[in-house]
Protein chains: 2
Amino acid sequence: MNTYTISEVAKQLNLTVYTLRYYDKEGLLPFVERTSSGIRMFKESDIEALKVIECLKSTGMPIKEIKNFIDWCSDGDSTLQQRYDMFIERKASVEAQMEELKKTLELIDHKCNYYKTALEAGTEDVHKSNKIEIPHS
Amino acid sequence: MNTYTISEVAKQLNLTVYTLRYYDKEGLLPFVERTSSGIRMFKESDIEALKVIECLKSTGMPIKEIKNFIDWCSDGDSTLQQRYDMFIERKASVEAQMEELKKTLELIDHKCNYYKTALEAGTEDVHKSNKIEIPHS
DNA sequence: AAACAAGATAGAGTTAACTCGAAGTCTATC
DNA sequence: GATAGACTTCGAGTTAACTCTATCTTGTTT
């Protein structure tokens, strides 16, 4: 089975070697084996694990919590429930984030229209006077 | 027209007074007026502006860029195009983030199923031996 | 064998976004 | 007018997640 160096993995996952070493230092990569001289050898499965780490990171999970998950993985079957619960919780979190982004997008869309109209009028004033009641004349 | 104190605004927007003062220090709140003794008086429109700031923040925009936007607002109609462009760009960014979250959610769902199966089997091994060919017997 | 790129560690530096402490001022109530 | 509580500024401290520097080792190439 062939392996990859740290810079190859960095390139493949669009990370820096600094970041990968930092992850290792933080205990996120206990599964990465070394040559007798200490050089990291990333297996295919290590890259898959890193993809899971990146996935968790993109849900906003802090590295220390990701480390908990990695520790559970090392602990074997006795932690299956924790790991399941964690992913269920992450799922809920991501769904909440998507809801949040939806609302954000609505406001942004609103602003896009606001500025489109203002640009066409050449001034923001078209919006400002909206709420002032104009007396019959 | 009535106004709000910094702690009232903090409570309403679920921020801390520290955060609001920090925003002010960073130039995000040039529109907030003060009493003669220097106490901030937040108008209704200031709270609306803060909601826009929070919206931009939730798109991942750094505070320094939000400040640019605030500065453009102070500069009046000559910056309408920049502001429009900014919101268009934010829109694209949020849409990209939603796409990203969708992919994340797919992997998470996958993992939820993975661990559900593993839990039912009592061991993760149900997945591990998948790829080993079992000879006819 | 000398050079050189790429690997390693340890630890310092950076950046963003707060978060807080100190010290003083305002304002409302007793 | 004194006390309490909320306000002010200034500047220091915190935290997360890198990011880099210095120094050394390894492995390949000329």
Side-chain angles (χ1 to χ4, degrees), chain A residues 2-43 46-47 50-70 90 93 97 100 104, chain B residues 2-43 46-47 50-70 90 93 97 100 104:
Chain A
N2 66 339
T3 62
Y4 304 88
T5 66
I6 194 166
S7 58
E8 283 166 346
V9 175
K11 188 170 288 176
Q12 196 178 326
L13 298 182
N14 212 27
L15 298 168
T16 68
V17 293
Y18 300 132
T19 303
L20 285 171
R21 292 200 191 105
Y22 166 68
Y23 285 177
D24 199 0
K25 200 166 5 180
E26 294 299 309
L28 261 47
L29 313 176
F31 42 76
V32 175
E33 292 177 29
R34 309 282 191 118
T35 65
S36 58
S37 60
I39 288 173
R40 292 176 188 84
M41 301 183 298
F42 290 79
K43 301 182 291 297
D46 297 345
I47 293 172
L50 268 164
K51 282 181 188 166
V52 175
I53 288 170
E54 287 306 290
C55 167
L56 290 173
K57 225 171 37 106
S58 74
T59 72
M61 195 179 223
I63 272 161
K64 279 184 184 165
E65 279 179 45
I66 299 178
K67 186 191 169 356
N68 290 341
F69 167 68
I70 297 293
R90 280 299 91 192
S93 165
Q97 284 173 53
E100 189 61 33
T104 297
Chain B
N2 65 339
T3 61
Y4 304 89
T5 66
I6 195 167
S7 57
E8 284 166 345
V9 175
K11 188 169 288 177
Q12 196 179 327
L13 298 182
N14 212 26
L15 298 168
T16 68
V17 293
Y18 300 130
T19 303
L20 285 170
R21 292 202 191 102
Y22 167 68
Y23 286 176
D24 199 1
K25 199 165 10 180
E26 294 300 309
L28 261 48
L29 313 175
F31 43 76
V32 174
E33 293 179 26
R34 309 281 191 120
T35 65
S36 58
S37 60
I39 289 173
R40 291 175 188 85
M41 301 184 298
F42 290 80
K43 301 183 289 297
D46 296 346
I47 293 173
L50 267 164
K51 282 181 189 166
V52 175
I53 288 171
E54 287 306 288
C55 167
L56 290 173
K57 226 172 36 107
S58 74
T59 73
M61 194 180 225
I63 273 162
K64 278 182 185 165
E65 279 178 44
I66 299 177
K67 186 192 169 355
N68 290 341
F69 167 68
I70 297 294
R90 279 298 90 193
S93 165
Q97 285 174 52
E100 189 61 33
T104 298

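The figures that follow rest on heavy atoms only: side chains count, while hydrogens, waters and symmetry mates do not. Proteins get letters first, then strands, A, B, ... in listed order; numbering begins at 1 in each.
- You'll find that the side chain of A:R21 is closest to C:dA8, out of C:dA8, C:dT19, D:dT8.
- Regarding A:M61, its CE atom lies at a distance of 11 Å from the P atom of D:dA17, rounded to whole Å.
- In the set D:dT19, C:dG7, C:dA8, C:dG7 carries the atom at the smallest distance from any side-chain atom of A:T5.
- Both A:T35 and A:Y18 lie close to DNA chain D; mapped to their nearest nucleotides by heavy-atom distance, the more 5′-ward contact belongs to A:Y18.
- For the pair A:E26 CD and D:dT15 P, the interatomic distance rounds to 14 Å; values are reported in whole Å.
- No option in A:D24, A:T3, A:D46 other than A:D24 meets the side chain to side chain donor-acceptor pair (under 3.5 Å) test with A:R40.
- One interatomic measurement links the two molecules: CD1 of B:I66 to C1' of C:dA17, which rounds to 11 Å at whole-angstrom precision.
- Remark: A:L15 CG to A:K57 NZ distance equals 6.5 Å, nearest 0.5 Å.
- The side chain of B:R40 contributes an N or O atom lying less than 4.0 Å from OP1 or OP2 of D:dT9.
- Between B:L50 and B:V9, the closest heavy-atom pair is CD1-CG1, 3.8 Å.
- Comparing C:dA17, C:dG7, D:dC18 by their nearest atom to the side chain of B:I63 picks out C:dA17.
- Nearest to the side chain of A:S7, among C:dA6, C:dA17, D:dT26, sits C:dA6.
- Rounded to a whole Å, the CG atom of A:L28 is 13 Å from the C1' atom of D:dC18.
- Two residues, B:V17 and A:S36, neighbour DNA chain D, and the one matched to the more 5' nucleotide by heavy-atom proximity is B:V17.
- Following rounding to the nearest Å, B:K11 (NZ) and D:dA6 (P) show an atom-to-atom distance of 9 Å.
- Residues B:L29 and B:F42 form a side-chain contact, since some pair of their non-hydrogen atoms from C-beta on lies under 4.5 Å apart.
- Side-chain proximity of A:Y22 to D:dA12, C:dA8, D:dA17: nearest is D:dA17.
- One can place CG of A:L20 at 13 Å from C1' of C:dG7, the figure rounded to the nearest angstrom.
- Comparing D:dC20, D:dT8, D:dC18 against the side chain of A:Y23 picks out D:dC18 as the nearest.
- Of all nucleotides listed (C:dC18, C:dG7, D:dA12), D:dA12 comes nearest to the side chain of B:K25.
- Residue-to-nucleotide proximity on DNA chain C shows that, of B:K64 and A:S37, the 5′-proximal contact is made by A:S37.
- Taking every heavy atom of both residues into account, B:I66 and B:I53 meet most closely at CD1-O, 4.0 Å.
- The interatomic distance linking A:N14 (CG) with D:dC18 (P) rounds to 13 Å, in whole Å.
- Distance CD1 (B:I6) to C1' (C:dC18): 14 Å, rounded to an integer number of Å.
- Side-chain N/O atoms of B:K57 include one lying less than 4.0 angstrom from OP1 or OP2 on C:dC18.
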